Amino acid sequence: MRGKRAKKYRKLMHQYEIQFSFREPYQVLLDSAILQETAQKKIDLVGRLKGVLGGEVKPMITQCDMRHLYNAKPKDEQLILQAKTYERRRCGHHELEEPLSSLECISQCVDPKGSGTNKHRYVVATQDPKIRAALRKIPGVPLVYVSKSVVILEPMAQATEEQREREERAKFKMGLKGRRGGADANQKRKRDDEDEGAQEHGTESIAAESGGDARPQKKKRVKGPKGPNPLSVRKPKKRQADGPREGEAVKPKPAKTNETRQPDENATAASAAEGEELGKRKRKRKHKPKGDGGAAPEEDADTS
Ligand SMILES: [Zn+2]
């Protein structure tokens, strides 16, 4: 197997392992058609499967498919002997007078309850395109077939991809909720409400961020209208973390609350990047006893 394909398959199987808990040895249901095809072309199917799936393999055959091999018109005794060494999947159809078709039998083995889950985590190797089409609708069924003497692992089916995306989105949402619901954030919000300047902080920070470049786009991807909240909460955390503590400790002094307001008021006037520069200038000012806030950047230039 060439390097590029091997890498692709390794990635694929890794995804099946993470998302659907596939483990070695991989249980591979082989239908009679792929056994006949590979026997004809003298392909060592099980050996190739180890390479394609990148691990140990447990080949399996259903009772029905075993019967298909016995009923085959030119009966291949060699192939039957070989198939007998595989683990027999007891599908329970052996009592029927005629075996089920590979399609019916394998579909029932993979998803016995019809609930759309690959209950036993089978890999299915089949030469029948109808079987592969049917199994693509069930998430998490790796499908193998042979084309021109090459053993091929199909890319993930749409159903599998969709389920994976759904799960990842759910995990992501859980993560956000966990952060939002964190006690710290709520406590800080309450403290802010006590402060008079709290509302100003909130609105200003949102306004400043909406002017930003990349941030609002990321928010939209996450949740649309609710997107801005987590980041608008995060930013003021640093400022408010200092602010409210001072406010609690020394509530009666109005001068300190003014100081906390100053940088934010400037932030609305200027962009976020400029706001940082202003903050630095403000620090210089703090050494001087000038109390008034809301100074425009031009005035700063004059004073310095
Ligand atoms: Zn069966």
Side-chain angles (χ1 to χ4, degrees), residues 1 4-31 33-34 49 51-55 57-58 60 62 89 91 101-147 150-181 214-231:
M1 204 166 38
K4 211 174 178 182
R5 219 155 55 88
K7 192 178 172 187
K8 194 172 82 180
Y9 289 167
R10 224 182 298 133
K11 230 173 159 182
L12 251 178
M13 289 314 293
H14 185 59
Q15 285 179 340
Y16 282 117
E17 279 177 15
I18 289 175
Q19 196 185 345
F20 298 98
S21 308
F22 275 77
R23 294 286 178 269
E24 288 181 57
Y26 302 116
Q27 302 187 102
V28 187
L29 271 182
L30 306 159
D31 79 342
I34 201 170
L49 280 169
V52 165
L53 301 179
V57 167
K58 188 201 276 180
M60 303 176 82
T62 65
R89 174 60 166 87
C91 56
S101 70
S102 298
L103 173 60
E104 289 172 299
C105 181
I106 289 178
S107 297
Q108 284 184 26
C109 289
V110 169
D111 185 12
K113 289 178 184 170
S115 57
T117 49
N118 182 1
K119 193 185 171 194
H120 303 286
R121 299 185 188 91
Y122 289 131
V123 177
V124 177
T126 170
Q127 215 48 15
D128 183 348
K130 282 181 201 161
I131 298 179
R132 292 201 303 276
L135 294 180
R136 273 182 218 123
K137 292 172 188 163
I138 302 170
V141 187
L143 296 169
V144 175
Y145 64 101
V146 176
S147 171
V150 179
V151 179
I152 290 171
L153 173 62
E154 277 198 6
M156 270 198 173
Q158 192 74 18
T160 308
E161 290 260 38
E162 281 168 6
Q163 173 160 328
R164 199 186 71 201
E165 280 169 19
R166 242 179 284 133
E167 281 174 2
E168 280 177 3
R169 238 176 280 143
K171 278 181 200 166
F172 188 59
K173 279 182 189 170
M174 289 285 282
L176 282 182
K177 277 178 192 170
R179 279 179 207 162
R180 269 187 207 157
R215 282 167 195 163
Q217 289 178 354
K218 280 181 185 174
K219 289 169 208 158
K220 279 173 192 169
R221 276 179 218 154
V222 176
K223 254 203 166 181
K226 283 189 177 177
N229 277 334
L231 283 177

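Bear in mind that the values here come from a model prediction, so they are computed numbers and not experimental data. One is the number of the first residue; the rest follow in order along the sequence.
Residues P25 and K58 come closest through the heavy atom pair CB-N, 4.1 Å. In terms of heavy atoms, C109 sits closest to T62 at SG-CG2, 3.9 Å. Between M13 and L53, the closest heavy-atom pair is CG-O, 3.5 Å. The two residues Y9 and V52 come nearest to each other via the heavy atoms CB-O, 3.4 Å. Listed here is the closest heavy atom pair of T126 and I34: N-CD1, 3.9 Å.
In this structure, the salt bridge (Lys or Arg N to Asp or Glu O under 4.0 Å) partners of E154, at least two apart in sequence or on a different chain, are R132, R136. Legend: residues meeting ring pair (Phe, Tyr, Trp, His ring centres under 6.0 Å) with F22, ordered by chain and number and at least two apart, are Y16.
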(request) Start with the C-alpha gap between E17 and Y26, add the side-chain angles, then the distance that decides, and say whether side-chain contact (heavy atoms from CB on, under 4.5 Å) holds. (result) CA-CA 10 Å; E17 279 177 15; Y26 302 116; 2.5 Å; yes
(request) Apply side-chain contact (heavy atoms from CB on, under 4.5 Å) to R169 and E165, showing your working. (result) CA-CA 6 Å; R169 238 176 280 143; E165 280 169 19; 3.7 Å; yes
(request) Before giving the answer on side-chain contact (heavy atoms from CB on, under 4.5 Å), spell out for K4 and K7 the whole-Å C-alpha distance, their side-chain angles and the decisive distance to 0.1 Å. (result) CA-CA 5 Å; K4 211 174 178 182; K7 192 178 172 187; 5.9 Å; no
(request) Decide side-chain contact (heavy atoms from CB on, under 4.5 Å) for L103 and I131; before the verdict, give the C-alpha distance in whole Å, the side-chain angles of both, and the deciding distance to 0.1 Å. (result) CA-CA 5 Å; L103 173 60; I131 298 179; 3.8 Å; yes
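Under a 3.5 Å cut-off, the side chain of Q127 and the backbone N or O of V146 do form a donor-acceptor pair. In this structure a side-chain-to-backbone donor-acceptor pair under 3.5 Å is missing from E167 to Q19.
Note on residues 101-129: no pairs pass salt bridge (charged side-chain N to carboxylate O under 4.0 Å, His left out), not counting sequence neighbours.
Here CD1 of I152 is found 6.5 Å from CZ of R5. Values are rounded to the nearest 0.5 Å. To the nearest 0.5 Å, the span separating NZ on K130 from OG on S107 amounts to 12.0 Å. A distance of 6.5 Å separates CD in E161 from CE in M156, rounded to the nearest 0.5 Å.
Just one residue in the list T160, I106, L135 forms a side-chain contact (heavy atoms from CB on, under 4.5 Å) with V141, and that residue is L135.
Annotation: H14, atom NE2; neighbour count of heavy atoms from other residues, nucleotides and ligands within 6.0 Å does not exceed 12.
Ionic pairing of E168 and K171 is not present here: no N-O contact between side-chain nitrogen and carboxylate oxygen is shorter than 4.0 angstrom.
At a threshold of 4.5 Å between non-hydrogen side-chain atoms, the residues V144 and V28 do not count as touching. At a threshold of 4.5 Å between non-hydrogen side-chain atoms, the residues F20 and P142 do not count as touching.
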